[in-house]
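Within every chain, numbering begins at 1; the chains are lettered A, B, ... in the order of the sequence lines, protein sequences first and strands thereafter.
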Amino acid sequence: MAFFEKRLPLPDVNPSFYSTLGIALSVLFLYAETPLPKALIIGLALLADWIDGATARRYGGSSKDGYLADAMADRASEALIFAAEAGTVVGQAFFVLWMINVALTFYSIRINKHWLLPLRFSYLLILIAQGT
Amino acid sequence: MSSTVAHAASASWVAVTFAHISPHETSYILATLISASILDLDHLFYLIRDRAMYRKRGYRGNLHNARSVFHELLGLLIGGAVSALLFLADRRLAQVVFVAFAIHIVQDWIVGKSRPLAPMDNTEVQFFSLTFKQKIWVDIIILILFGVLWIAYLAAYL
């Protein structure tokens, strides 16, 4: 990932722009009904999340409040995605895991280590498996 | 921070349309309108309690102080726990209530200042540094856009 990050042409914009884009994609996810568009939207949201971090690292915007903004956007994105999926047993399990992830966010900040569950990525793999 | 009306119009529209709620299902629509706006009740408490400070400093740029932990990550978690309980009684209701509630919180995070880890840590986070005038414009655009979308939603079922 670091290899791509160094070569990726990234404009010098506020990283929150990408975080907001990730949240907007999660709102769009609410309206997706089949695995393929759902997977595509989660993939784009994850990409926005990664570019947000990459932009902050490249232009020296990495800070505690930047990390917090990123964490807030991620939890919000997960909340919307798994609320939409709460009609299935797997979606319900992920919603419960999302609540654990919110608690882990508090813990991560406290211990200064990134201890979080990659929920959207895991769900993306499930959607891809469902779609194939 | 957006106005309560803007929150109610936008968050409840998203909740009712994503869950395919028809305009005849008034109890669901009412529930989304309440959950999309109830969060702003906490402002009243702080505005009354700290009225001397607001009279001295003014409301502009200080309203983020008039919010409880329900507007932060902890509020999102509590909202999730409440809707998980509600889920046992009515799945659809739980979903629309949580989506409307979550969208309100997220809108405030994006437009205003927040303290996501409150009450444990009071670090302030601001996604975009918007002026008061820009926030008013965001509010007006949301109201017009979702006003039109509400009319379209209701007209589609007539």
Grab the two heavy atoms, one from B:Leu76 and one from A:Ala76, that are nearest each other, plus how far apart they are.
CD2-CA, 4.3 Å
What pair of heavy atoms forms the shortest contact from A:Phe106 to B:Leu73, and how long is it?
CZ-CB, 4.0 Å
With only heavy atoms counted, which part of [X] is less than 4.5 Å from chain B, the side chain, the backbone, both or neither?
| X | answer |
| --- | --- |
| A:Leu30 | both |
| A:Ala84 | both |
| A:Val27 | side chain |

According to a hydrophobic-cluster definition based on side-chain heavy atoms being under 4.5 Å apart (Ile, Leu, Val, Met, Phe, Trp, Tyr only), do [X] and [Y] belong together?
| X | Y | answer |
| --- | --- | --- |
| B:Val16 | B:Leu145 | yes |
| B:Ile78 | A:Ile100 | yes |
| B:Phe146 | B:Ile141 | no |
| A:Leu125 | A:Leu117 | yes |
| A:Val102 | B:Leu86 | yes |

If I measure from the heavy atoms of chain A, does B:Val106 come under 4.5 Å with its side chain, its backbone, both, or neither?
side chain
Atom group of B:Phe127 that falls short of 4.5 Å from chain A, counting heavy atoms:
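Both backbone and side chain.
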Can you check whether chain B and chain A share any donor-acceptor pairs under 3.5 Å, and give the atom names and distances if they do?
unit_1	atom_1	unit_2	atom_2	d
A:Asn14	ND2	B:Phe127	O	2.9
A:Ser16	OG	B:Phe127	O	3.2
A:Tyr31	OH	B:Val14	O	3.3
A:Tyr31	OH	B:Thr17	OG1	2.6
A:Glu33	OE2	B:His20	NE2	2.9
A:Lys64	NZ	B:Asp121	OD2	2.4
A:Lys64	NZ	B:Thr123	OG1	3.3
A:Ala83	O	B:Gln95	NE2	2.8
A:Ala84	O	B:Gln95	NE2	3.4

Hey, is CZ on A:Phe121 packed in by over 12 heavy atoms from elsewhere, all under 6.0 Å?
no
For atom CD1 of B:Ile38, decide whether the heavy atoms of other residues, nucleotides or ligands shown that lie under 6.0 angstrom number more than 12.
no
Euclidean distance, B:Phe18 CZ relative to A:Phe29 CZ, rounded to 0.5 Å:
10.0 Å
Hey, mind stepping through A:Phe95 and B:Phe87 against side-chain contact (heavy atoms from CB on, under 4.5 Å) and telling me if it holds?
CA-CA 12 Å; A:Phe95 191 79; B:Phe87 191 89; over 6 Å; no
For A:Gln130, side-chain hydrogen bond (donor to acceptor under 3.5 Å, both in side chains) partners two or more places apart:
none
